[in-house]
S.K.: 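First the structure, which I've put down as structure tokens, then a few questions once you've had a look.
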2 protein chains.
Amino acid sequence: MKKKSIKDIAQELGYSKTTVSFVLNNKGDEKNISKKTQEKILAYVREVNYQPNQIAKSLKKGKTNTIGYLIPDISNPFYAKIGRLIEDLLADKGYHLIIGSTDETQEKEDLLLNMFVNRQVDGLILASSFENLGMLNTLAAQRFPMVFFDREHPDFFGNYILVENKNAMKGAVQNAIKHGSKKIGLLSITPNVYSLELRIDGYREALSENEIDIDDHLIRIVDNNNLKESTKAQLQYLIDEQVDAVVFTNNQITAHAIWAMNIFHKEKIEDVRFVSFDNLDLFDYSQPKVTSVAQPIEKIANYTVDILGEVMNEKEHISKRIVLEPKLIERL
Amino acid sequence: MKKKSIKDIAQELGYSKTTVSFVLNNKGDEKNISKKTQEKILAYVREVNYQPNQIAKSLKKGKTNTIGYLIPDISNPFYAKIGRLIEDLLADKGYHLIIGSTDETQEKEDLLLNMFVNRQVDGLILASSFENLGMLNTLAAQRFPMVFFDREHPDFFGNYILVENKNAMKGAVQNAIKHGSKKIGLLSITPNVYSLELRIDGYREALSENEIDIDDHLIRIVDNNNLKESTKAQLQYLIDEQVDAVVFTNNQITAHAIWAMNIFHKEKIEDVRFVSFDNLDLFDYSQPKVTSVAQPIEKIANYTVDILGEVMNEKEHISKRIVLEPKLIERL
DNA sequence: TCGATTTAGTAAAACGGTTTAGTAAAAAGC
DNA sequence: GCTTTTTACTAAACCGTTTTACTAAATCGA
């Protein structure tokens, strides 16, 4: 039992494809198809449960109602949560998501970008690592609808939904200093990402404005390919250096550090303060507790979808840069 | 600058669409296209960076190289992690994922199922809530390639990748009893899902085999729409009932319960043992520590993709049911 | 040398929709 | 009663590929 096409419906009912198509697209009245005919077609279509082939539709219309979601890793709760919010917002507009995880590598990003474009997605939502602007510039030149979030690149001009990174991080670190921290280390994933650099800058500024010497040895980069173990090792280094606070540039490494702290440094757990960019529920009660900079996830999702909608509709070329205020959650 | 099509390429080079298509699909030799022509076409295609329109390809071939991933919620780490693994496995085979979160509601599941089918996905991977078998039976009757995981329904015959639920849960609860727990409550999300019922059955069996009376009041169901707060409230109930252990049927509520325990019942934290189905890193060090039944996520992803591949290729109708052994992680 | 085969390519149909341009019959206008 | 307009509908082109069925020229075999 093959799937029925419009052609089948038309033949079985004795009408032309055109008529059936008009009726199915609610153009019956506009196109002067008689009520009787419309009802007959609709009834039949319901009876045989006809389902239009979206691929054919997309080909003809040049529109797939599909948005690509390109991120470092969908299993990172931050991207998963935003992805879920976006999924729901887009569903209301008749769009749906296809996802691609880049692992922060340029090859995968290019591959996925190509894949998305070949599949004719109508727009892209991306947390790009911006390692190679080539492909992105090409797309931008073609006015391909794109909205960037979470990550930015100073040389790339586009639509951005971001949070304030530097001052937010600075505030968080200053908060720790205010509460007595003096020797403050930092752990970050690969910081060849501008947004992460800004967070690290915020950390530096907080220290220097409070006359704490910046010791580059206390700024540790963890290996992306082995996050958990590498975080453990780098944390060990900082603990050995007797820091009294550790700052993290995202929540994944913070979570791993909490784990390492509990398993390997239980005795020091009262002696070190944690400060994290991004929030996690567990920061409310973990040992150590974590003062965190919480990103406004719902707002990010809302703006992203809104702006993407604008870009896809407007003929004129807009480029918005929306910077949201994150919220400092102090936990002592 | 519109995107070039095969027709453009052909015209610009003075060949026919057919020839260009043959060359692009590596059928040049087979179809007797001269080496010179092949090279000329390939060089030109590279020069203008021609990208084939996958939608047109899909329409013609009746194959989209797309798999639908239907789950309760992509922001649930369990589904996100498996999703990520599946994404990578499929990418190697030239497939990619489109995702749909159902929130365990039948309406959304039907809507998404329809959407997937209309978009002509080549196959489906689903953690269905099986509330209404209608649509699934229709698809199964058409031999639509589907593989189910995590959830099952006794009346639905299909390809399943599951973990042993009942005995695994039974073992975990018995472990708690062995270590002294006597009054054991249970918290579950909506158990109109067979797999969850099995987990609850395991809990019941463990109790009765150890001559502990089953008190249905101690089996609490949390509200899906308000997971965090509802978990808190139901946990409160169990604490008031003075249970000495709580069993959870999935990791999300366990995480919320750990939060509630730390925030609202800190003083009782040593008096109650937690047992959870599904693992989380934080169980290693949380208070209370959590003895958990860890699902073999990689194996689930691998089998799911493997079986789906078989189903999509085989002409014959196979129906496999693979039940994996979860692992008990004791934490005291 | 002449029919058979191989080489190198092409025209046209097909996939399943949408859309443009049109037509024949009925109704309206005068 | 004849022209114009409206009603109700349709044929065919099109979106960008793949694929089938073909052809003309060159080469081969005996």
Side-chain angles (χ1 to χ4, degrees), chain A residues 2-42 44-45 48-66 94 115 117-122, chain B residues 2-42 44-45 48-66 94 115 117-122:
Chain A
K2 266 209 64 192
K3 278 197 73 178
K4 281 202 193 315
S5 72
I6 274 202
K7 196 175 155 191
D8 299 324
I9 306 274
Q11 265 166 10
E12 285 156 26
L13 247 48
Y15 289 107
S16 71
K17 290 197 303 173
T18 315
T19 304
V20 177
S21 174
F22 284 155
V23 173
L24 289 178
N25 289 287
N26 278 326
K27 294 188 183 156
D29 292 342
E30 174 193 342
K31 296 290 181 179
N32 286 323
I33 309 300
S34 71
K35 285 278 173 231
K36 240 177 294 177
T37 304
Q38 293 197 40
E39 274 156 30
K40 228 158 84 185
I41 292 177
L42 288 176
Y44 189 67
V45 154
V48 302
N49 188 30
Y50 164 75
Q51 300 289 114
N53 180 327
Q54 294 293 338
I55 298 294
K57 218 167 188 158
S58 295
L59 177 59
K60 177 67 200 181
K61 292 244 191 153
K63 190 164 184 301
T64 54
N65 277 29
T66 300
M115 184 271 276
V117 171
N118 292 351
R119 303 216 179 228
Q120 315 287 118
V121 297
D122 296 333
Chain B
K2 268 210 62 193
K3 280 198 71 178
K4 281 202 194 313
S5 71
I6 277 200
K7 196 176 156 191
D8 300 322
I9 307 274
Q11 265 165 10
E12 285 157 27
L13 247 49
Y15 289 107
S16 71
K17 294 196 301 173
T18 315
T19 304
V20 176
S21 175
F22 283 156
V23 173
L24 289 177
N25 290 286
N26 279 326
K27 293 188 182 158
D29 291 342
E30 174 193 340
K31 297 291 182 177
N32 287 323
I33 310 299
S34 71
K35 284 279 173 231
K36 243 177 291 180
T37 303
Q38 294 198 40
E39 274 156 31
K40 229 157 82 185
I41 291 177
L42 288 175
Y44 188 69
V45 153
V48 301
N49 189 29
Y50 163 75
Q51 300 289 112
N53 180 326
Q54 294 293 337
I55 299 294
K57 216 167 188 158
S58 295
L59 175 59
K60 180 63 201 186
K61 292 247 194 147
K63 188 163 186 302
T64 54
N65 278 26
T66 299
M115 185 272 276
V117 172
N118 292 351
R119 305 221 176 223
Q120 316 286 121
V121 298
D122 296 334

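Numbered from 1 within each chain, the chains take letters A, B, ... in sequence-line order.
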S.K.: If you look at every heavy atom in B/Asn53 and B/Tyr50, which pair is closest and at what distance?
M.R.: N-OH, 4.4 Å
S.K.: Round to the nearest Å and state the distance from B/Glu30 atom CD to C/dT6 atom C1'.
M.R.: 15 Å
S.K.: Classify B/Ser58 by what it touches in the nucleic acid, base, sugar-phosphate, or nothing, heavy-atom distance under 4.0 Å.
M.R.: nothing
S.K.: A/Asp29 CG to D/dC9 P: how many Å, rounded?
M.R.: 12 Å
S.K.: Using whole Å, what does the distance between atom P of nucleotide D/dT10 and atom CD of A/Gln11 come to?
M.R.: 12 Å
S.K.: Can you see whether B/Ser21 engages B/Thr18 through a side-chain donor-acceptor pair at a distance of less than 3.5 angstrom?
M.R.: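 No, no side-chain donor-acceptor contact under 3.5 Å.
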S.K.: Working to the nearest 0.5 Å, report the span between OG1 of B/Thr64 and CG of B/Leu59.
M.R.: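 The CG atom of B/Leu59 is 11.5 Å from OG1 of B/Thr64, to the nearest 0.5 Å.
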S.K.: Indicate whether OP1 or OP2 belonging to D/dC9 is found under 4.0 Å from a side-chain N or O atom of A/Ser34.
M.R.: yes
S.K.: Need one value for A/Gly14: base, sugar-phosphate or nothing, where a base atom within 4.0 Å counts as base even if backbone is also close, heavy atoms only.
M.R.: sugar-phosphate
S.K.: Nearest whole Å is fine: how far is D/dT7 P from A/Lys35 NZ?
M.R.: 13 Å
S.K.: Using 0.5 Å steps for rounding, measure from the CD1 atom of A/Ile55 to the CD1 atom of B/Ile55.
M.R.: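 So the CD1 of A/Ile55 and the CD1 of B/Ile55 are separated by 4.5 Å.
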S.K.: If I take atom CD1 in residue B/Ile9 and atom P in nucleotide D/dT18, what distance separates them, rounded to the nearest angstrom?
M.R.: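 Taking CD1 of B/Ile9 and P of D/dT18, I get 12 Å after rounding.
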S.K.: Kindly state each residue pair satisfying salt bridge (Lys or Arg N to Asp or Glu O under 4.0 Å) with at least one member in residues 49-62 of chain B, sequence neighbours excluded.
M.R.: none
S.K.: Do nucleotides 14-24 of chain C as a string where each nucleotide becomes B, S or -: B if the base has a protein heavy atom under 4.0 Å, S if just the sugar-phosphate does, - if no protein is that close.
M.R.: BBBBBBB----
S.K.: Using atom types as modelled and distance alone, determine if a side-chain donor or acceptor of A/Asp8 lies under 3.5 Å from a backbone N or O of A/Ser5.
M.R.: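 Yes, because the side chain of A/Asp8 sits within donor-acceptor range (under 3.5 Å) of the backbone of A/Ser5.
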S.K.: Quickly work out the A/Lys36 NZ to D/dA8 P distance and round it to whole Å.
M.R.: 9 Å
